Novice: 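Before I ask anything, let me first share the structure, which is written out below as structure tokens.
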Amino acid sequence: MDSKLLNQIDLDPDFEPVTNPSDNRTFQSVLSARMGRRSLMKGTMGAGLASIMGMSLAGCSDDDSTASGNATSQSAAMLGFKAVTTSSGNAIVVPEGYSSVAFVPWGTPITGAYPAYRSDGTNTAEEQENQMGQNHDGMHYFPIDLKSGGESSSEGLLVMNHEYINPDHLHPAGATAAPRPSAEVKKELAAHGVSVVHVKQDSNGAWDVVFGSPFNRRVTGATEMELRGPVRGDDKLKTRFSPAGTETRGTLNNCAMGPTPWGTYLAAEENWAGYFVNADAPQPREHARYGISSVNGRYRWNTAIGGEDLYVRFNAAKTGATAADDYRNEPNTFGWMVEIDPFAPESKPQKRTALGRFGHEGVIFAPVTEGEPIVCYSGDDSRFEYIYKFVSAQPYRAATAGGYLLNEGTLYVAVFHDDGTGDWKALVHGNAGLTVADGFASQADVLLNTRLAADALGATPMDRPEWGAINPLNNEVYFTLTNNSQRAPGDTNAANPNGPNATGHIIRWLENGDDFAATSFDWDIFVFAGDAGTETVVGDEAVVTLDATNLFNSPDGLWFDGSGRLWIQTDGSDSAPYLNNMMLAADPVTREIRRFLVGPEGCEVTGVTTTPDQRTMFVNIQHPGGSWPDASEPRPRSSTVIVTKDDGGVVGS
Ligand code: FEO
Ligand code: CA
Ligand code: CA
Ligand code: CA
């Protein structure tokens with residue numbers, strides 16, 4: 001169902017203009033001696049041979065894992081299911097002995113008068129504000145008794161992002177061309193954002209929404225929010241809505257997320273730049289470096305008939321006398337991590353500017369230690385963008401921990417050296433490259449222009465960093481690098497060794513001294529994705545050779561469960577041999593990988609969490625292509641899927 005009325009490129013949620021013009025791309029492309037030992041893909045599927053290489057992670061060997069036993073027994077404990085085959089069917093595939101059921105699809109009523117979903121697209125904007133949004137993405141389960149130290153696995157708050165919209169499905173006859181009817185724009189904003197859903201198991205073990213719960217909540221593209229941290233109140237945040245530069249409305253393109261150590265939820269703002277238009281020439285650098293269009297916003301919201309302030313703000317051109325008279329700075333209030341407290345339904349979401357402004361895919365918090373700073377990681381998912389780490393200024397104290405810890409600290413960007421080591425470079429105003437003479441007026445200016453500051457520090461341009469995950473058993477940090485069609489053969493580095501990178505890889509590192517706040521680390525490549533026969537080589541040994549049970553492409557979602565099982569979700573080509581997008585489980589020690597789930601046709605599998613007992617798994621299915629989950633309905637609906645083991649056991653075991 002292609003849009004008839006809006007430009008296809010504008011609607012493509014994966015449309016990623018390359019906006020990094022820095023010369024970091026060339027001065028890092030020198031091949032090291034280590035690269036001379038790279039291996040070639042072997043086997044019969046070698047059309048378009050890919051150069052692949054893995055390295056052993058110094059100080060991060062199998063011996064450091066708290067998991068015991070040899071490789072075989074480790075895997076037996078980690079991966080206890082039989083791999084499923086690839087599939088092009090329009091259904092969820094799970095292993096023998098497992099069951100799945102769709103849950104809270106787009107349109108499910110959760111608040112207000114609980115307006116029923118109508119399958120013809122005629123739900124009003126007001127109804128959509130009380131229903132699950134579209135395009136489910138990152139998700140986390142909070143036990144309902146978390147704040148009192150409990151670990152309920154039968155009742156909790158399921159919180160998830162709604163990344164973008166499918167106008168053809170959202171409206172009865174698709175989107176009306178610009179100028180846009182304001183009722184359509186209002187509904188489109190309402191289908192974005194975040195849902196908080198109070199969920200509970202009944203006596204038969206089936207999960208239901210707790211109707212009438214005060215915790216059920218929709219946060220949308222129109223919800224009022226605070227800006228916090230070093231950029232709050234900066235001149236470049238001042239708008240007609242907030243002349244003080246302290247507030248904004250809405251969060252958009254929320255991809256992945258991260259639960260904080262104090263029981264709140266951080267939603268990432270990823271491809272937010274696409275929603276704005278600024279025809280001024282030249283654009284200010286805080287627009288241009290993020291790829292804001294000079295022609296059209298993705299959904300033309302700024303053209304809404306009637307000229308309501310809530311919609312005209314998507315035009316970021318200078319139209320008034322001062323910043324307080326127009327929305328020249330509105331895009332500067334996006335590109336942040338947004339903290340939402342699911343246990344405080346009346347609380348205002350808080351945009352945490354200290355964590356930087358870029359295309360945040362998500363965030364992953366390191367395990368906390370009393371009296372030590374908190375540390376979290378976030379990738380910038382665009383071609384040739386970077387991986388960041390935030391270290392708080394204040395120490396973590398369990399009794400008082402809260403969002404204030406995210407308001408003050410040091411943001412770092414990663415440099416991956418070709419010898420398997422890496423450094424974190426601090427994005428601190430006044431440091432070399434980030435002085436007034438370098439064009440950065442203040443720390444707020446550095447954070448507002450995080451990408452430019454990282455350019456100046458020589459950060460390593462990556463192949464689209466998506467989710468991160470931390471192994472709870474040994475503190476290794478993993479990140480997916482989903483693919484990069486535009487990396488040239490002569491523009492590679494050891495951490496991104498394939499040009500082009502058609503199928504992606506997963507990188508991992510261990511911080512020096514096993515200290516998450518360290519400023520250097522050792523890294524290796526965990527696995528290269530690809531067709532059967534794709535090898536990940538360490539020294540002269542292929543430590544992973546993909547086959548029919550685990551071939552996959554474009555790793556995106558990534559998550560460690562409480563047992564140290566690594567879950568890998570894909571958002572890639574669904575042509576042969578991969579077929580529908582999928583989720584696999586991996587043993588991080590042995591690198592054994594098995595396909596666990598295949599999604600319905602046309603979908604991306606993104607977002608996974610379990611209850612604390614790991615006996616209920618929630619997985620999100622985004623943008624299914626056919627009539628799914630209900631074959632009798634004309635419109636596909638993004639949906640959560642609940643996966644359980646029929647014997648009641650731990651999922652994946
Ligand atoms: Fe929304 Fe980078 O995936
Ligand atoms: Ca993603
Ligand atoms: Ca993706
Ligand atoms: Ca997506």
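Along the sequence shown, residues are numbered consecutively beginning with 1. What you see is a predicted model, and the numbers here were worked out from it, not measured in a lab. Every number for a ligand or one of its atoms is a count from 1 in the order of the listing. Heavy atoms only: backbone and side chains are in, while hydrogens, waters and symmetry mates are out.
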Novice: Taking backbone and side chain together, does E361 place any N/O/S atom at a distance below 2.8 Å from atom 2 (Fe) of ligand 1?
Specialist: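 Looking at E361, which is the residue asked about, there is an N, O or S atom under 2.8 Å from atom 2 (Fe) of ligand 1.
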Novice: Do any N/O/S atoms of D137 come under 3.0 Å of the Ca ion (ligand 4)?
Specialist: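 No.
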Novice: Output the atom name for the N/O/S atom of E466 with the smallest distance to atom 2 (Fe) of ligand 1.
Specialist: OE1
Novice: Please give me the minimum heavy-atom distance between P636 and H169, naming the atom from each residue.
Specialist: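 Here P636 and H169 meet closest at CG-CE1, 3.5 Å.
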Novice: For atom 2 (Fe) of ligand 1, what is the closest N, O or S atom on D381?
Specialist: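 Nearest N/O/S atom: OD2.
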Novice: For the side chain of R357 and the backbone of E286, is there at least one donor-acceptor N/O pair under 3.5 Å apart?
Specialist: yes
Novice: Tell me whether atom 2 (Fe) of ligand 1 has D571 as a neighbour, meaning an N, O or S atom of it below 2.8 Å.
Specialist: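 Of the N, O and S atoms in D571, none lies under 2.8 Å from atom 2 (Fe) of ligand 1, which means no.
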Novice: Report the atom name of the nearest N/O/S atom of E270 relative to atom 1 (Fe) of ligand 1.
Specialist: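 Nearest to atom 1 (Fe) of ligand 1 within E270's N, O and S set: OE1.
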Novice: Quick one: does NZ or CZ of R352 land under 6.0 Å from the six-membered ring centre of F390, within 45 degrees of the ring axis?
Specialist: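 The answer is no; the distance or angle limit is not met.
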Novice: If I take atom CG from residue N496 and atom CG from residue D463, how far apart are they, to the nearest 0.5 angstrom?
Specialist: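 Between N496 CG and D463 CG, I get 4.0 Å after rounding to 0.5 Å.
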Novice: Counting N and O atoms only, with roles assigned by atom type, does the side chain of H360 sit under 3.5 Å from a partner on the main chain of G356, one being a donor and the other an acceptor?
Specialist: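 Pair found, side chain donor or acceptor close to backbone of G356.
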Novice: Check E604 and report its N/O/S atom nearest to the Ca ion (ligand 4), by atom name.
Specialist: OE1
Novice: Of all the atoms in Q622, is at least one N, O or S atom closer to the Ca ion (ligand 4) than 3.0 Å?
Specialist: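 A backbone or side-chain N, O or S atom of Q622 is under 3.0 Å from the Ca ion (ligand 4).
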Novice: Quick one: report the N, O or S atom of E163 that is nearest to the Ca ion (ligand 4).
Specialist: OE1
Novice: Does the ring of F334 carry K351 above it, NZ/CZ under 6.0 angstrom from centre and within 45° of its axis?
Specialist: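 Ring-cation test returns yes.
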Novice: Side chains of N253 and Y275: is there a donor and an acceptor less than 3.5 Å apart?
Specialist: yes
Novice: Mind telling me whether Y377 and F516 have parallel, tilted or perpendicular rings, with 30° and 60° as the class edges?
Specialist: perpendicular
Novice: With respect to the Ca ion (ligand 4), please indicate if D571 possesses an N, O or S atom at a distance under 3.0 Å.
Specialist: no
Novice: Can you name the N, O or S atom of E163 that is closest to atom 1 (Fe) of ligand 1?
Specialist: OE2
